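I have placed the structure first, in the form of structure tokens, so that the comments after it can refer back to it.
Computation of the quantities below employed the complete heavy-atom set of this structure, encompassing side-chain atoms and omitting hydrogens, waters and symmetry-equivalent molecules. Please read all numbers here as calculations on a predicted model, not as lab measurements.
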Amino acid sequence: MDQWLKRPDAPALRTRLYEPEGAPRGSVLVTTGFSEHVGRYEHVCERWRAAGWLVAAWDLRGQGKSEGPRGYVTRFSEFIDDLFAYLDELQKDSRFRSLGTPIAFAHSMGALLTIHAALRDASRFRALALTSPYLGLALETPAWKLAAGRAISALVPRFSLPTNVSASILTHDAERARMIESDPLGIQRMTARLFTEVESAQAEALRRAGELRLPIAVRAAGDDQLVDVNVTRRFMSQVSSKDVNLFIAEGQFHELHQELGWEQHADAFAEQFARWNDASTPNS
């Protein structure tokens with residue numbers, strides 16, 4: 001069931017909570033990627049709920065059912081402010097609060113903002129579980145579009161250009177690709193300001209990777225045509241945590257949670273969640 005996080009002078013955010021039948025093993029915070037929403041993660045959240053996890057998920061501002069200009073932020077840090085505001089709201093719920101800090105799961109651009117959230121305040125998370133983190137672009141973007149985006153960002157920040165991302169490069173599952181293409185909540189355009197803010201956030205994440213000391217597990221698509229998996233490898237090699245795990249799903253596309261055999265990724269993460277949750281010193 002949809003719930004809403006409402007704050008003065010900020011867009012209302014659509015959220016969902018998935019409660020297991022028995023006592024939760026721990027909690028997981030799900031942050032979606034660009035052009036996504038919690039509905040696209042229903043099958044994953046339900047699988048983790050059935051495995052005993054209390055799962056909280058939310059739509060980014062300007063995406064899904066959340067309020068705000070579509071595909072736009074004034075500053076990338078607004079996403080991080082929203083994430084912490086949602087965490088604060090969750091901590092008011094005794095069911096969530098009693099479980100301690102959550103494991104942060106995030107995909108693509110959501111993974112990028114989750115990395116930045118951990119850099120701002122690592123104490124808010126037990127560990128990071130990421131898929132296809134958007135740390136570098138694999139798609140060949142025309143030079144004119146790059147130059148135009150950077151120039152226009154300062155002058156007309158809400159000007160947008162088509163992303164030209166076909167669902168056929170996101171998943172091998174034809175049925176799920178059709179679902180993505182026909183999703184009325186999807187976004188087919190990115191604003192100039194979001195484009196340049198993401199660029200800056202990517203550069204900063206790579207520059208500060210060595211500051212990350214939280215346990216981190218990343219599952220990346222070996223045949224990702226949207227995100228540069230080699231940049232992901234470089235980022236992970238620079239992380240300072242004693243608990244770092246990078247798995248490359250060879251031959252798979254960007255949205256591992258929508259891929260054929262997505263259950264294997266969800267179950268592997270659930271097993272990782274259990275290891276982290278059972279560890280005596282989770283924040284290595």
Side-chain angles (χ1 to χ4, degrees), residues 1 16-59 64 99 102-111 114 126-134 165-183 185-186 215-227 229 232 236 243-278:
M1 178 183 298
R16 283 185 187 171
L17 198 63
Y18 299 82
E19 298 182 64
E21 293 183 4
R25 305 177 66 177
S27 60
V28 180
L29 174 66
V30 173
T31 299
T32 60
F34 177 77
S35 189
E36 292 192 305
H37 53 86
V38 297
R40 294 225 195 138
Y41 290 79
E42 187 82 7
H43 55 304
V44 178
C45 293
E46 283 291 347
R47 197 170 184 88
W48 289 340
R49 182 199 64 77
W53 299 91
L54 177 62
V55 183
W58 63 294
D59 289 352
L99 297 171
I103 294 165
F105 169 81
H107 173 68
S108 196
M109 191 177 78
T114 299
R126 186 177 299 267
L128 306 183
L130 313 176
T131 55
S132 307
Y134 187 30
V165 175
S166 168
S168 64
I169 71 167
L170 300 178
T171 173
H172 288 88
D173 188 322
E175 183 177 348
R176 289 186 180 275
R178 285 192 293 271
M179 178 187 69
I180 292 170
E181 291 284 5
S182 62
D183 188 348
L185 297 179
I216 178 170
V218 170
R219 297 181 78 83
D223 195 15
D224 199 325
Q225 299 179 50
L226 183 62
V227 166
V229 70
T232 300
M236 292 294 281
D243 184 354
V244 178
N245 184 281
L246 173 61
F247 175 81
I248 306 296
E250 298 296 347
Q252 295 200 317
F253 287 167
H254 181 69
E255 295 202 358
L256 297 179
H257 56 288
Q258 303 290 359
E259 264 286 25
L260 297 166
W262 64 268
E263 299 93 338
Q264 297 175 14
H265 299 295
D267 291 346
F269 271 128
E271 292 172 6
Q272 181 66 72
F273 297 164
R275 287 193 290 272
W276 283 332
N277 207 59
D278 296 341

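Between the side chains of H265 and E259, no donor-acceptor pair is found at a separation under 3.5 Å. For W262 and D173, the side-chain atoms include no donor-acceptor pair closer than 3.5 Å. Between the side chains of H257 and E36, a donor-acceptor pair is found at a separation under 3.5 Å.
R219 contributes atom CZ, which lies 8.0 Å from atom CG of N245 (distance to the nearest 0.5 angstrom). Taken to the nearest 0.5 Å, the CG atom of L130 stands 9.5 Å off from the OG1 atom of T232. Rounding to the nearest 0.5 angstrom, the gap separating the NE2 atom in H254 from the OG1 atom in T131 is 7.5 Å. Taking OG from S168 and CZ from F253, the interatomic distance works out to 7.5 Å, rounded to the nearest 0.5 Å. Considering CG of L54 and CG of L17, their distance stands at 5.0 Å, rounded to 0.5 Å. Distance check: L246 CG to M236 CE gives 5.0 Å after rounding to the nearest 0.5 Å.
Contact check on E175 versus R178 returns no salt bridge, with no Lys/Arg side-chain nitrogen under 4.0 Å from an Asp/Glu carboxylate oxygen.
Between C45 and V38, every side-chain heavy-atom pair lies at or beyond the 4.5 Å cut-off. Between L29 and W58 there is a side-chain heavy-atom pair separated by less than 4.5 Å. E42 has its side chain within reach of Y18: a pair of non-hydrogen atoms, C-beta onward, lies under 4.5 Å apart. Taking the side chain as every heavy atom from C-beta outward, H43 and R176 approach each other to under 4.5 Å.
Counting all heavy atoms, side chain and backbone alike, G64 lies closest to D59 at CA-OD2, 3.5 Å. Here the closest non-hydrogen pair linking L170 and I180 is CD1-CG2, 4.3 Å. In plain terms, the two heavy atoms of S132 and L256 that are nearest each other are OG-CG, 4.3 Å. Contact detail for A167 and E181: the closest heavy-atom pair is N-OE2, 2.8 Å. Shortest non-hydrogen contact noted between R25 and A274 is NH2-CB, 3.3 Å. Residues S108 and G33 share a closest heavy-atom pair of CB-CA, 4.5 Å.
In this structure, Q264 places its CD atom where only 12 or fewer heavy-atom neighbours from other residues, nucleotides or ligands lie under 6.0 Å away. Within 6.0 Å of CD in E250 there are more than 12 heavy atoms belonging to other residues, nucleotides or ligands.
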**Study point:** side-chain contact (heavy atoms from CB on, under 4.5 Å) evaluation trace for Y134 with F34
**Key:** CA-CA 10 Å; Y134 187 30; F34 177 77; over 6 Å; no
**Study point:** Full working for side-chain contact (heavy atoms from CB on, under 4.5 Å) between R47 and D267
**Key:** CA-CA 8 Å; R47 197 170 184 88; D267 291 346; 2.7 Å; yes
**Study point:** Audit row: Y41, H107, side-chain contact (heavy atoms from CB on, under 4.5 Å) steps and yes/no
**Key:** CA-CA 10 Å; Y41 290 79; H107 173 68; 3.1 Å; yes
Exercise for review: Begin with the C-alpha distance, continue with both residues' side-chain angles, and end with the deciding distance and a verdict on side-chain contact (heavy atoms from CB on, under 4.5 Å) for R40 and D183.
Suggested key: CA-CA 9 Å; R40 294 225 195 138; D183 188 348; 3.0 Å; yes
Exercise for review: May I have the step-by-step check of side chain to side chain donor-acceptor pair (under 3.5 Å) for D243 and W276, ending in yes or no?
Suggested key: CA-CA 10 Å; D243 184 354; W276 283 332; 2.9 Å; yes
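Close placement of the F105 and F269 rings is indicated, their centers lying within 6.0 Å of each other.
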